[in-house]
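Encoded as structure tokens, the structure appears first; notes follow it.
Order of appearance sets the numbers: ligands from 1, and atoms from 1 within every ligand.
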Amino acid sequence: MKNYTSFLRKRTIPGLSLSPPDPESHPPHLARTSESGKPSMTGDERVAVQASHSRRFKKRKRVKLKRSRGKRREHAIVSPLVKKYWLQRYQLFSKYDEGVKLDEEGWYSVTPEEIAISHAERCRGRTVIDCFAGVGGNAIQFAILCHHVVAIDIDPQKIALAFHNAKVYGVADRIDFVVGDFFQLAPSLKGDIAYLSPPWGGPSYKMIQQFNLDLLKPKDGYSVFQAAQRITPNIIMFLPRNMDLNQVEELSWLSSPPLHVEIEENYVDGNFKGITAYFSDVASRQA
Ligand code: MGP
Ligand code: SAH
């Protein structure tokens, strides 16, 4: 009852007070006096009402407890590797709370939404082949801004997650999802732009002082780039921030005449996340 008293003092509950209500000082609908001018609620009635409010208070307390237990559970199911990325979840997907799902590789590989939007802006209105689509971080933004998207991943679970996440963003019907090996599919693909964000070999990529194209997976960066050139010379490549930039420029020399290239650094909230190389039409001519 003591707890209840302090609860009542903090919150004004209309029609209820701990001392008998003063009919003069309360508006009629709150003081609820009887015809005799005395409060209509007897002491026993008041105790009963107080008890019922007290039950409600306990109920509220239980709900609060349940919610905080739920939060603790969410922390618990996140592996130590994923925790760092989970803390950045709204940078990865602004609609995370609407049901976005990721697997472990998806957590550490997905392109942060702000960067994915800037990539998609370069491709506005065109057809994009997302050659390593993962859980859909880029494909979703392409679907919002571009004419059409083909999202390819070798891992069926990734494509299932990308489809699910695209539904969360309401764009699943604007993407063709394909489970397959990009290197096998490349010769038969048609599109205006090839988007490449291949695996970098996991979060340990940053332990290497200078990352190089040979370290990309499942094949080296030159092979990835050459496969993409079977589709189009308009290529966007998302690469590690410790990448050897001379090597990236060398990629443009694989073509004759050399492709125009622009390299940009990508930051989220001031944190350096990666670099993007734009080739041919998608490169800015001023670069
Ligand atoms: P990070 O460097 O592992 O995280 O990845 P963070 O928080 O910047 O690290 P910190 O140690 O500086 O605090 C940064 C971003 O790189 C991720 O959000 C992904 O977009 C991208 N990224 C990381 N990996 C390991 C990969 C990968 O293997 N493939 C692709 N395509 N992108 C990756
Ligand atoms: N940009 C994506 C993340 C890509 S991570 C996003 O924002 O969600 C790289 C992806 O390449 C992984 O999902 C991996 O399954 C896929 N991959 C690896 N080898 C592949 C291949 N040969 N063909 C197509 N996809 C491949």
Side-chain angles (χ1 to χ4, degrees), residues 80-94 96 100-120 123 128-144 149-166 168-169 175 177-189 194-208 211 213 215-221 223-224 226-228 231 236-243 265-277:
L81 174 68
V82 162
K83 193 176 172 196
K84 176 179 115 176
Y85 302 95
W86 181 83
L87 292 170
Q88 304 175 32
R89 61 198 179 285
Y90 301 114
Q91 289 182 352
L92 303 180
F93 286 104
S94 58
Y96 180 81
V100 166
K101 290 182 186 163
L102 303 94
D103 62 3
E104 187 168 276
E105 186 183 14
W107 273 111
Y108 63 71
S109 307
V110 65
T111 307
E113 189 164 284
E114 200 182 314
I115 300 174
I117 292 171
S118 74
H119 290 159
C123 309
V128 185
I129 316 285
D130 186 354
C131 308
F132 301 89
V135 296
N138 293 101
I140 288 168
Q141 300 308 324
F142 289 135
I144 293 170
V149 190
V150 179
I152 301 166
D153 204 285
I154 201 163
D155 176 359
Q157 180 177 295
K158 292 290 189 308
I159 289 295
L161 291 168
F163 178 65
H164 169 88
N165 295 334
V168 170
Y169 278 74
I175 304 174
F177 294 92
V178 181
V179 176
D181 180 352
F182 164 64
F183 298 96
Q184 282 182 12
L185 294 169
S188 57
L189 293 168
Y195 181 81
L196 307 172
S197 65
W200 304 348
S204 60
Y205 78 88
K206 55 182 102 69
M207 310 302 280
I208 298 151
F211 198 89
L213 290 174
L215 298 171
L216 288 178
K217 306 281 178 231
K219 292 189 184 178
D220 65 87
S223 306
V224 173
Q226 272 172 334
I231 310 169
I236 303 178
M237 221 170 170
F238 187 49
L239 293 164
R241 58 184 183 235
N242 53 347
M243 184 72 214
E265 295 182 340
N266 302 111
Y267 293 82
V268 177
D269 281 349
N271 297 313
F272 193 12
K273 293 287 171 181
I275 64 145
T276 307

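You'll find the side chain of F93 reaches within 4.5 Å of the side chain of L102, heavy atoms only. Taking 4.5 Å as the limit, some side-chain heavy atom of I152 sits within range of a side-chain heavy atom of L189. Between L213 and M243 there is a side-chain heavy-atom pair separated by less than 4.5 Å. Annotation: side chain of E265 is not in contact with side chain of R241 (no heavy-atom distance under 4.5 Å). The shortest distance between side-chain heavy atoms of F238 and N138 does not fall below 4.5 Å.
Listed by number with element, the atoms of ligand 1 under 4.0 Å from a non-hydrogen atom of P199 are 28 (O), 29 (N). Within the listing of ligand 2, atoms 22 (N) sit less than 4.0 angstrom from a heavy atom of F183. Close contacts of ligand 1 with Q88, meaning ligand atoms under 4.0 Å from a residue heavy atom, involve 7 (O). Near D181, meaning under 4.0 Å from any of its heavy atoms, are these atoms of ligand 2: 21 (C), 22 (N), 23 (N). Atoms of ligand 2 lying under 4.0 Å from at least one heavy atom of P218, given by number and element, are 19 (N), 22 (N). Close approach of ligand 2 to K158 (heavy-atom distance below 4.0 Å) involves ligand atoms 13 (O). Counting the atoms of ligand 1 from 1 in the order shown, those under 4.0 Å from a heavy atom of G202 are 25 (C). If you number the atoms of ligand 2 from 1 as listed, the ones under 4.0 Å from a heavy atom of V110 come out as 6 (C), 7 (O), 8 (O). Using a 4.0 Å cut-off to heavy atoms of Y85, the atoms of ligand 1 that qualify are 1 (P), 3 (O), 4 (O). Residue G180 has at least one heavy-atom neighbour below 4.0 Å for each of these atoms of ligand 2: 23 (N), 24 (C). Residue contact check: T111 has heavy atoms under 4.0 Å from atoms 20 (O) of ligand 1. Every atom of ligand 2 is numbered from 1 in the order shown, and the set under 4.0 Å from a heavy atom of N138 is 1 (N), 2 (C), 6 (C), 7 (O). Counting atoms of ligand 1 from 1 in the listed order, those under 4.0 Å from a heavy atom of Y108 are 17 (C), 19 (C), 22 (N), 23 (C), 24 (N), 25 (C), 26 (C), 33 (C). Remark: ligand 1 atoms within the under-4.0 Å shell around heavy atoms of P112 are 18 (O), 20 (O).
Ligand 2 has no atom lying under 4.0 Å from any heavy atom of A116. The closest approach between a heavy atom of K84 and any atom of ligand 1 is below 4.0 Å.
With a 4.0 Å cut-off on non-hydrogen atoms, F132 does not touch ligand 1 at all. At a heavy-atom cutoff of 4.0 Å, ligand 2 is contacted by both the backbone and the side chain of S109. At a heavy-atom cutoff of 4.0 Å, ligand 1 is contacted by the backbone of P198 but not by its side chain. Under 4.0 angstrom from ligand 2, the non-hydrogen atoms of E105 all belong to its side chain. Contacts between S197 and ligand 1 below 4.0 angstrom, taking non-hydrogen atoms only, involve backbone and side chain alike. With a heavy-atom cut-off of 4.0 Å, V110 touches ligand 1 through its backbone alone.
Atom 5 (O) of ligand 1 has as its closest protein heavy atom Y205 OH, 3.8 Å. What sits closest to atom 16 (C) of ligand 2 on the protein, heavy atoms only, is D153 OD2, 3.2 Å. In terms of protein heavy-atom proximity, atom 4 (C) of ligand 2 is closest to F132 O, 3.2 Å.
Comparing heavy-atom distances from atom 30 (C) of ligand 1 across F272, F238, W200 singles out W200 as nearest. The nearest non-hydrogen atom to atom 2 (C) of ligand 2, considering only G136, C131, A133, comes from A133. Scanning F238, Y195, F182 for the heavy atom closest to atom 23 (N) of ligand 2 points to F182. Of the listed options I115, I154, V135, I154 places a heavy atom closest to atom 24 (C) of ligand 2.
Residue L92 has no nitrogen or oxygen atom sitting less than 3.5 Å from a nitrogen or oxygen atom of ligand 1, judged on distance alone. Polar contact check, S197 against ligand 2: a nitrogen or oxygen pair lies under 3.5 Å apart.
One finds the CG atom of L215 at 11.5 Å from the CG atom of L239 (value rounded to the nearest 0.5 Å).
A donor and an acceptor atom, one from each side chain of T276 and H119, are located under 3.5 Å apart. A donor-acceptor pair shorter than 3.5 Å cannot be found between the side chains of K273 and Q91.
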